[in-house]
Amino acid sequence: MPREAEPSLNEKQFVTQALQENLRLDGRQLDQYRPLELTFGDQYGVADVTLGKTRVLAKATAEVTVPYIDRPLDGIFTIATELSPMTSPAFEVNRPTETEVLLSRLLEKTVRRSGALDTESLCLVAGQKCWSVRVDVHVVSHDGGLTDAACVAVVAALRHFRKPDTSMEAGRLTVYTPAEREPVPLSWLHSPLCVTWSFFGEDGETAVLDATWLEEQVRVASCTVSLNKHGEICQIAKLGGMPVDAVVLLQCTSVALVKVKEFSDLLDRRLAEDLKKREKGGFMAELRAENDR
Amino acid sequence: MATGHPIVLPGETIDPSLIPSHPKNPLRLGPGLRHIPPTDIVPTVAGQLITNPAKNSMWIEYNSNRYIPTPSDLILTQILRSTTDAYLCLLSPHTAPATLPHLAFEGATKKTRPVLQPGQLVYARVALANKHMDAELECVSAATGKADGLGPVGNPAAGSGGCAFDVSLGFARRLLMARSRAEGGVGVLEMLAGEEGGGLAFETAVGRNGRVWVGSESARTVVLVGRALQETDRGGLGLEGQRRLVRRLVREMR
Amino acid sequence: MTATTAPKAALGVLPRSDGSAKYSHAGYTLTASVNGPIEAQRRDEHAYEAHVEVIVRPAAGVGGTRERHLESLLQSSLAQLILVKNFPRSLIQVVLQIEDSPENDYVNTKLVQASLNFAIMPALVQTAILALLSAGVPMRATATATAVAVVHQDGAKKMVVDPSPREVETASSVHVLAFTSHNGLLLAESEGDFTVGEWDDVYETAKEICCRSTPAKEGTAMVLDDEEPSATDMRQFLRSTMESKVAADLHWK
Amino acid sequence: MSAPTIKLPAPLFARLSPHPFLLRNLTSAADPSRPATRTNGRGTQETRPLHAKASSLSHAHGSSLVRLGDTTVLCGVRGEVLPVERVPLFRPVDRGGVGLGRGELRDYDLLVPNIELATGSAPQFLPGVPPTALAQTLSTRVYSLLHSTGMVGVEDLRVWSKPAGGGEDTEMEGAGEGQEEEEGVKEEDRVVAYWVLYIDLLFVSFDGNPFDAAWAAVVAALRNTSLPVARWDPEREMVVCSRTEKRQLNVKGLPVACTAAVFEEKELGEVGTGVPEGRHWLLLDPDRLEETLCREAITMVVDCSDGETRIKSIEKQGGTAIGRELVRGFATIAEKRWKEVQGAMK
Amino acid sequence: MADRRRINGPAGATIPPVFDDVSTPKLKSPKTRSRPPNTTRKMYLKTGVTPSASGSAYLEIETSATPGVSGLKLSCSVHGPRSLPRSAPFSPHIVLSTHVKYAPFATKQRRGYLRDPSERDLGIHLEAALRGAIIADRWPKSGVDIIISIVEGDQDRETSLLQGDEVWDMMNALGGCITVAAAALADAGIDCVDTVAGGVAALVQDAGEDSIPTVVVDPIPSEHEKILAACCIAYLPTRDEVTNLWFRGDLPTSDIDLYTSLVEKGIQASKNANRVLVGCLAETIE
């Protein structure tokens, strides 16, 4: 598959030049995000996030399986990220690109390693059976800011998700179907989110939030900060690129906190709305009715 | 749809009464139509059927994002690399590169040929296009030997590269219309240069392949023009809407 | 979540691909992107025609054998509709992303499933066609598809259009049929236990849904107002969707 | 190529331009009364004889070798034991519940068919590569059909804690789960394990129409499958099998697949309007060459075991030549095929 | 990670049937060899089983008298000679690529679809055995694929407890592979200096630990109490050359001639195989 073509010299030169005059091609402020929208699907655990032209879809699922031998008391939690040719024909199926690897690693660090999901609660029968919770991240449209958007999607999907209810009687595990028992939410501890800064100019003096795909191709360095609304930092990733002044980074993180608070509020709001919708006989009731006849 | 210009889908039958039947001139089929011998004329895309009895021609008016090179189209292309006798250029993403011979420039000879860096934007004309071959471009009119406006646009090295903006193919076509305001309903460029825009100074090169280059002394102006174009295209603005948009942008970006 | 819910569609939802469509019907929600004609890889480059590639991606988990099967069904159908001869040596790539699909409340669904998923096929066909149209890929015809299940309920036999997973499970036979806009039978998939007679009835039902509105004369579809819309009229739906798209594109005329 | 002026030796002609060659063969019939013949000398409606024999693979519990002309496929069925503790979503059977039977087979993955083409069975299938789209498609179709036809009853695959239980159950197989459960309740006899059937298909030689051959092989193999009688050994807390006692698998019905491909006069029928222009032929049981020249194909699976013809599956794709009438008519062709195959299976 | 290109079985691993040996004690005692020590089992060879291949052959070695002991069933197809892919480097002679795979149902333990080391070993040995026989420089810049499916491995099914005898089974398998491949090559019309064939001989101990070991040809592990050593030999009769020798096991240091006698027996075995091979080819020519 032909590689993604580099942006033209003219664009590269112009983007940098314009930024020095605090100008962005879409007229945004340097620290301004594109409008971020979040919607949920009919089924539990489907979150759809749009950030400008970027669109990321996350779907959470749970299966009963055998725990890892070395961690008999833990459930399994995986985040699968694959950039399909839908993102761009340059991406091939089963051919992970750098973009993909970086994205999944950042999500891994931010959501999984920060213990956002209590994996011990996923254990059903020690050493024998446990829940395997899986989030599939689909990048439907890529115009920069993947990490930030994807992270919101993952967290949203997991918090929206309901897994089948279970019971233990006489040492025998029973997994109930949704028809028998209403599914139950995961035990969720905190909601870490990502904020990515991009740096431009000879010595990366211009810091920009939520870079577009074009800007990302031109930037000299980038740094992703993951933290929750309580200001607890889960990880900071500055993978190579121009060296950036430590003080600048500190300022970045403090701004990041503001943004994360905004995102968290949006998340809570949308979740509440969705819950309301379902309570007054939304989708599930409809389905139930339809199944009973 | 009640107009004489019905909307058709691929494979639908076109009412014979709509097919212009000029005594002398042969029937000319434009884009989106195919002729199945003996007499069937069938649309291949979804769009509006336009007929021109005077020219005895008919075609389908539709908008798309993938550029298919056609001879004598003006396009904005990007140099990928140089071979021994030609530049390989990108017309649209993920497609096979088109060739731009080193000698297809005004006054170019074996000795004096323009040296273009990979990534440089070039305004060119499609000289040769055919489904079995990669397209060939030129930056000089074969007739006059003059460049008449074709060639590399902007000079990134000198920090005056200007910038390219993506628009839909339909919008690019409208921009290129001789009387784009009257026929294509786009006046945004005139407005920017005119009183609505407070007489901004800029130059443009509109490529049929859906890329528009904008150059100006002031980066601010370039951004302004670029946004104006893109928002007009995406928002599907009418002339009045464009006027309002231009006014708004100028205000915002002062 | 049955035929009562009318299909919904939005075109050009993916700004970065040549054509795209988001389609939801009977509980299924899919997004399709179309890119092409673009440069084909050596291995699937044909000297005289475009290679049509179809990729189906499940909402959860990695695709398995059954996705490959769905792909091959779609591929062979779409290649019939697209004028592949127009673009030799090139590639037309259709990617279908399943976003949401109704679940059967009576079983705990597994991630990887090998058995065919009939109920989703119509949605796949519909979405692919819409995306191709929005990309302006030249085609010789459009197509519409639907799924019908034959359910035996206390002695009586009834046909269920766009069956839910539950109905599929309990049905005595499930059928998927796709018709070209010239009323040609493009795709016919059936599974279960049935007779020729039953299939014939299914054919009738499906045709009623897929080919109701007659191929448009003077371009404008004959919208039969007197006829009450009993079931969804897929062809009419396709047409109205495209009409609004074209109208939007050509607002300036 | 096909200009009559050039004189080419037939094989070369076939190599250079197969499509005109086959076309010529089909049309060359001097007088229209004589039926058209294909390159392989068969009539359009003529199938290759199918030979099925129970192969004697001693490591498989059931096996078969099916020959369809030059297409040869070998099928081995092997049972392995799956203790219920290892079934993630296991539900004790006596609880009843919906979709039992078929549900168990599917939810616990008790049937595992796989098709291997990459055995050098044809030049295009070289080994060491992952299964091609074709192989995967075939596996899926076999899997789907296995479940939809319900050929294998789940009762045959259950292993009960009470040794006696197992013996009787099979006698009343088909008598339905109903009684099964009651018994389960009163003796609190429970399912301790399941047999998982690995159904592996190996193409020894490939010359077109893989599905018909593969499916026939599966059916033949299942019909000669007998699993050792298994019982629960409380001391060793495991399932043990008897060397001497075997139990034949009860296979319900005899579904037979019948495939035909459509050969169109025009390559990729340059069709404009609805009805396909130009003539087309329905080639029954297509071989390798014909498959490469045909885009449209239909497969119908029928079972005439209990008198009337029941259709188990239809798969028609890749074109519009086969319409309602042809599908209807094809049922009779399939019936004929069924009788042939039934004969071969005896 | 389950193979997404195949239909995978249940998530929880399945167990091959475990037999209650108590019920049938008589089978536990090792069966005794039914043939004289220097005779091989009957083998059946047929060419042209895969018409679409340039050459192919099928080999079956008679299941020996004792019940439940399976024979060896091999199917081999040869594709080529064909020009090497453009990417491949220039080669002055033909490039052999051998591929040996057990069918999932070929052995006691169900085989996976991915080749395991033992199967790769077989491929390498086979390649060595054939390279010596083919007139390689007759086809520069070309390659030939030799693919063997072991439909049934030479293995005793009844002895549910493995006495680590796979390696001896592999010996027999290799012997068969060499013979069947030679037949397929001949069927494909690829010139060889001579028809190569494989044979196996083993040093066995039948009467207890301290009995005198004897050398036998074409051993069946289950027929012997203990196999001390074995060798598989690919041999060109008319040239009296050995193209591949695979020796395994340990010989008592007391007797040096044992080794040579073992090899000789191996050669004798391969000669027997060769007779069948030549006979089969002669038939096809007529």
Side-chain angles (χ1 to χ4, degrees), chain B residues 1-15 17-18 31-34 36 42-50 60-68 92-97 130-134 166 168-171 174 180 183-186 232 234-239 241, chain C residues 11-12 15-20 34-40 47-48 50 81-83 85-93 129-130 132-143 180-182 215-221 235 238-239 241-253:
Chain B
M1 307 308 129
T3 64
H5 297 321
I7 287 184
V8 290
L9 262 54
E12 285 182 347
T13 39
I14 296 171
D15 190 302
S17 68
L18 288 170
L33 290 170
R34 63 195 270 256
I36 299 162
V42 186
T44 62
V45 296
Q48 195 168 25
L49 175 66
I50 311 287
I60 305 288
E61 189 76 54
Y62 69 104
N63 196 0
S64 74
N65 295 330
R66 177 61 56 179
Y67 176 68
I68 312 288
S92 60
H94 312 296
T95 48
N130 139 352
K131 67 180 180 180
H132 290 291
M133 298 156 52
D134 297 339
D166 292 348
S168 75
L169 297 190
F171 188 67
R174 286 159 63 194
S180 59
E183 291 173 0
V186 271
T232 308
R234 271 185 225 116
L237 303 181
L239 284 169
Chain C
L11 297 187
R16 297 193 144 265
S17 54
D18 295 345
S20 57
V34 167
N35 280 297
I38 57 178
E39 193 174 9
Y48 300 107
L81 299 174
I82 299 170
L83 290 166
K85 289 266 194 290
N86 289 20
F87 308 109
R89 300 178 293 108
S90 63
L91 166 74
I92 293 172
Q93 191 177 52
I129 295 287
L130 285 168
L132 284 166
L133 285 171
S134 96
V137 172
M139 297 194 283
R140 58 169 61 87
T142 59
T180 67
S181 48
H182 305 120
K217 276 263 168 277
E218 304 100 47
T220 49
R235 191 174 286 171
L238 191 68
R239 178 154 243 294
T241 313
M242 289 320 295
E243 274 170 356
S244 38
K245 188 246 183 197
V246 173
D249 285 351
L250 308 180
H251 62 89
W252 50 275
K253 283 191 97 48

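First the proteins, then the strands, lettered A, B, ... as listed; each starts at 1. Hydrogens, waters and symmetry mates are skipped; everything else that's a heavy atom, side chains included, is used.
- Chosen from B:Gly238, B:Gly184, B:Gly32, the residue pairing most often with chain C at heavy-atom distances under 4.5 Å is B:Gly184.
- Of the atoms belonging to C:Ser17, it is backbone heavy atoms, and not side-chain ones, that fall under 4.5 Å from chain B.
- Shown are B:Lys131, B:His94, B:Arg66; of these, the side-chain contact (heavy atoms from CB on, under 4.5 Å) with C:Pro37 is made only by B:Arg66.
- With a 4.5 Å cut-off on non-hydrogen atoms, B:Leu33 does not touch chain C at all.
- The shortest heavy-atom contact between B:Val45 and C:Gly136 is CG1-O, 3.6 Å.
- Considering every non-hydrogen atom in both C:Ser181 and B:Pro10, the closest pair reads OG-O, 4.0 Å.
- Atom-to-atom distance recorded for C:Asn86:CG and B:Arg34:CZ is 7.5 Å, nearest 0.5 angstrom.
- For B:Asn65 against C:Asp18, the heavy-atom pair with the smallest separation is ND2-O, 3.0 Å.
- Contacts between B:Leu239 and chain C at a heavy-atom distance below 4.5 Å are absent for every atom of the residue.
- The structure places CD of C:Glu39 at 8.0 Å from CG of B:Asp134, a figure rounded to the nearest 0.5 Å.
- Listed by chain and number, the residues in a side-chain hydrogen bond (donor to acceptor under 3.5 Å, both in side chains) with C:Arg89 amount to none (sequence neighbours excluded).
- Proximity to chain C is absent for every atom of B:Pro31, based on heavy atoms less than 4.5 angstrom apart.
- Highest contact tally toward chain C, considering only B:Gly236, B:Ala46, B:Gly170, B:Gly47, is held by B:Gly236 [criterion: heavy-atom pairs under 4.5 Å].
- Taking CZ of C:Arg239 as the start and CG of B:Leu9 as the end, the distance is 5.5 Å to the nearest 0.5 Å.
- For chain C, the nearby part of B:Arg174 is the side chain; its heavy atoms alone come within less than 4.5 Å.
- Contact between C:Ala135 and B:Ser64 at its shortest, heavy atoms only, is O-CB, 3.8 Å.
- Scanning both residues, C:Val246 and B:Gln48, for their nearest heavy atoms gives CG1-N, 4.0 Å.
- Shown here for B:Asn63 and C:Asp249, the closest heavy-atom pair between the two residues is CB-OD2, 3.5 Å.
- By the salt bridge (charged side-chain N to carboxylate O under 4.0 Å, His left out) test, B:Asp166 is found to be paired with B:Arg211, residues two or more places apart in sequence or in another chain being considered.
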